Each structure stands twice: as C-alpha cells, then as structure tokens.
Amino acid sequence: YIQDYLLESITAPIVLALDELNQIFEHPQVAKDFLPLLRSWYEESKTLPIWQKLRLIVVHSTEIYVPLQLNQSPFNVGFPAQLSHFSLEEVLQLAQRYQLTWENQEKVQQLMELVGGHPALVQTALYYLSREEITMTQILTSAASVTGIYAHHLRRHWAVLEQQPELAKALDRVMSAMEPVQLDPILAYKLSSMGLLKQSGDKVVPGYELYRRYFLEVKSSISYQ
C-alpha cells in the first residue's frame, strides 16, 4: 500500500516521525513484527528509488528491551542522534527548574557518580526530591534496592536478562570485574544498547554505579542455565 499508493502519488519526500517508540517495547510480540518492518522500509530504499521518498525518524526515551537480529533492527542504521549525559552544571540548572537549591554540591556529585548524568535517571531523582517524598541521602542509599526510586527501571532490565541467560552471564562478568572486560562484540553491543555497559577502548565497563550495585545484589537470583 505505501509503495503503490502513497509513495507513487507524491512528488516530494514525506517524513514519518514516530515519537515515543518505546511504548511498543512493552508489547514484544507486536514489536517483533513492527520494528523489522521499519528496517525493511530502510532496506527497500537502497534498491528501489521510490522508497527514497519516505524519510523515517524514530524516537525512543528508554533502552531497547526487544531482542532483535542485527539485520532486523531499525536502531543500528541511519543517523543516530543521542541525548548526551548531563554535566554537573546542567544537573544544577535542571534542579533550579524544579526549584531545588543546593549550596553544598557534594550530594549532587554523588548522584552523578551513581547514575552518570543519565538524563532520565537524573530527572527521576529531581522529581522525587522536588515533591519532598525522599531526601538525597535516602536516594543514594536505597537507589539499587527493590524499594528505591529506580526499582521499576531496574526490574525491567532484570526481566530481559532472565530471558537471555547468555547476556546475563556476560553482564555478571563485567559487574564482578575490577577492570575493563573484553566481551564477544555482539554481546557487548546488545548490553551497551540497553545502556548497561559502556565502552572503554576495545573493552567494556559497567554503565553506571547504580547498575553495578543492583546486579551484584541480584545476580544469585538470575539463572545462567
């Protein structure tokens, strides 16, 4: 339909922008069909000029939880534009927007060490602080616990790893190591795509201290069979 009716009838390119694509991650059976479909449209443009009229923009605000073959994923082609991590100064500016004022920046620095300036994780902390539901000290001490403010976020990662024992085992190696670890490139790519690891040369290290604490605490409950 898109090729024979939509693209055939237009003379100028059309942009299809899909915002909040992460909504579909919660429905794996749908995502496993829909996401490869987006990738197939990209591949069609390489051989059929008519498909070059379609420009795709996909936006997602959480890590990708849907296991896909590399040649079926729409997330490893095209031009990636990633929101960079906040600096300490940017965190302080965001805190001011939440009407939070910190004369002592030591606790803020500790938050940065915990979540690495990850925009969503930082904003979650500032949201709860602005509502006075929790103190910074409580966030820092309970962040990796099942009752902490990141519990839902961490459980989602855990749920994915339970379904993919090979990834869980590779992650455990990195979280337990005292220095960067060299992993199979495919495993490193998948775990990095989830945000759990980051590159250190040709090796990988834990993405954030938050993840290291959490997965060291729960690794005995994850099956590597």
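None of these values were measured; they are calculated from a predicted model. Just the heavy atoms: all of them, side chains too, but no hydrogens, waters or symmetry mates, feed the values below.
For Thr135, the side-chain hydrogen bond (donor to acceptor under 3.5 Å, both in side chains) criterion is met by Gln138, not counting sequence neighbours. In this structure, the side-chain hydrogen bond (donor to acceptor under 3.5 Å, both in side chains) partners of Ser145, at least two apart in sequence or on a different chain, are Thr147. Under the side-chain contact (heavy atoms from CB on, under 4.5 Å) criterion, Tyr128 pairs with Thr124, Glu133, Ile134, Ile149, not counting sequence neighbours.
Between Arg213 and Glu217 there is no salt bridge, since none of the side-chain N atoms of the basic residue sits less than 4.0 Å from a carboxylate O of the acidic one.
How far CZ of Arg173 is from CG of Leu171: 11.0 Å, rounded to the nearest 0.5 Å. Lys198 NZ to Leu191 CG: the interatomic distance, rounded to the nearest 0.5 Å, is 15.0 Å. Taken from OH in Tyr150 to NE2 in His157, the straight-line distance is 12.5 Å, to the nearest 0.5 Å. Note that NZ of Lys169 and CG of Leu161 are 14.5 Å apart. Values are rounded to the nearest 0.5 Å. Here the CG atom belonging to Leu114 is positioned 12.0 Å from the NZ atom belonging to Lys107, to the nearest 0.5 angstrom. Atoms OG and CG, from Ser176 and Leu216 in turn, are 5.0 Å apart once rounded to the nearest 0.5 Å.
With 3.5 Å as the limit, one finds no donor-acceptor pair spanning the side chains of Arg39 and Asn71.
Using a 4.5 Å cut-off on side-chain heavy atoms (C-beta onward), Trp51 and Glu43 make no contact. Contact annotation: the side chain of Val160 never approaches that of Phe25 to less than 4.5 Å [non-hydrogen atoms, C-beta and beyond]. Proximity of Leu18 to Ile24: side-chain heavy atoms (C-beta onward) are nowhere separated by under 4.5 Å. Taking 4.5 Å as the limit, every side-chain heavy atom of Leu129 sits out of range of all side-chain heavy atoms of Tyr98. Contact of the Leu38 side chain with the Trp41 side chain is registered, since non-hydrogen atoms from C-beta on lie closer than 4.5 Å. Side-chain contact between Leu94 and Leu92: absent, with no pair of heavy atoms (C-beta onward) separated by less than 4.5 Å. Residues Leu21 and Phe75 meet the side-chain proximity criterion, which asks for heavy atoms closer than 4.5 Å. Side-chain contact between Gln110 and Glu106: present, with at least one pair of heavy atoms (C-beta onward) separated by less than 4.5 Å.
The two atoms that bring Val205 and Ser200 nearest to each other are CG1-CB, 4.0 Å, heavy atoms only. Nearest heavy-atom pair across Ser192 and Gln199 is OG-OE1, 3.9 Å. Across Gln105 and Leu88, no two heavy atoms sit closer than the pair OE1-CD2, 3.7 Å. Among all heavy-atom pairs drawn from Val204 and Ala188, the shortest one is CG1-CB, 4.1 Å. The nearest pair of heavy atoms linking Val146 to Arg155 is O-NH1, 3.8 Å. The two residues Ser84 and Pro119 have their closest heavy-atom pair at O-CG, 3.7 Å.
Grouped with Tyr42 in one hydrophobic cluster are Val77, the linkage being side-chain heavy-atom contacts under 4.5 Å among Ile, Leu, Val, Met, Phe, Trp and Tyr residues. If you chain together ILVMFWY residues whose side-chain heavy atoms come under 4.5 Å of each other, Phe79 ends up in a group of its own.
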Practice prompt. I would like to know whether Ile57 and Leu16 meet side-chain contact (heavy atoms from CB on, under 4.5 Å); could you show each step before the answer?
Written response: CA-CA 6 Å; Ile57 300 175; Leu16 174 60; over 6 Å; no
Worksheet item: Can Arg212 and Glu209 be said to form a salt bridge (charged side-chain N to carboxylate O under 4.0 Å, His left out), step by step?
Response: CA-CA 5 Å; Arg212 190 189 68 81; Glu209 174 64 14; 2.6 Å; yes
Worksheet item: Going through the distances and angles, do Gln93 and Arg97 end up as a side-chain contact (heavy atoms from CB on, under 4.5 Å)?
Response: CA-CA 7 Å; Gln93 290 176 18; Arg97 294 178 183 270; 5.6 Å; no
Item to complete: Any chance you could lay out the side-chain contact (heavy atoms from CB on, under 4.5 Å) test for Arg156 and His152, step after step, and finish with the verdict?
Response: CA-CA 6 Å; Arg156 286 196 302 163; His152 177 67; 3.7 Å; yes
Discussion item. Evaluate Val115 against Met112 for side-chain contact (heavy atoms from CB on, under 4.5 Å), listing each step before the verdict.
Written reply: CA-CA 5 Å; Val115 299; Met112 295 286 289; over 6 Å; no
List the atom pairs, with distances to 0.1 Å, where a side-chain N or O of residues 5-14 and a protein N or O form a donor-acceptor pair under 3.5 Å, not counting sequence neighbours.
residue	atom	partner	partner atom	Å
Ser9	OG	Tyr5	O	2.9
Ser9	OG	Leu6	O	2.9

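No more than 12 heavy atoms of other residues, nucleotides or ligands sit less than 6.0 Å from atom OH of Tyr127. Annotation: Lys53, atom NZ; neighbour count of heavy atoms from other residues, nucleotides and ligands within 6.0 Å is above 12.
When hydrophobic clusters are built by joining Ile, Leu, Val, Met, Phe, Trp and Tyr residues whose side-chain heavy atoms come closer than 4.5 Å, directly or via intermediates, Leu37 is grouped together with Ile50.
A distance-only check finds no donor-acceptor pair linking the side chain of His60 to the backbone of Glu20 [under 3.5 Å]. Glu90 places a side-chain N or O within donor-acceptor distance of the main-chain N or O of Ser87, the cut-off being under 3.5 Å. Using modelled atom types, no side-chain atom of His27 and backbone atom of Val30 make a donor-acceptor pair closer than 3.5 Å.
Relative ring orientation between His153 and Tyr211 is described as parallel, the plane-to-plane angle staying below 30° on a 0-90° scale split at 30° and 60°.
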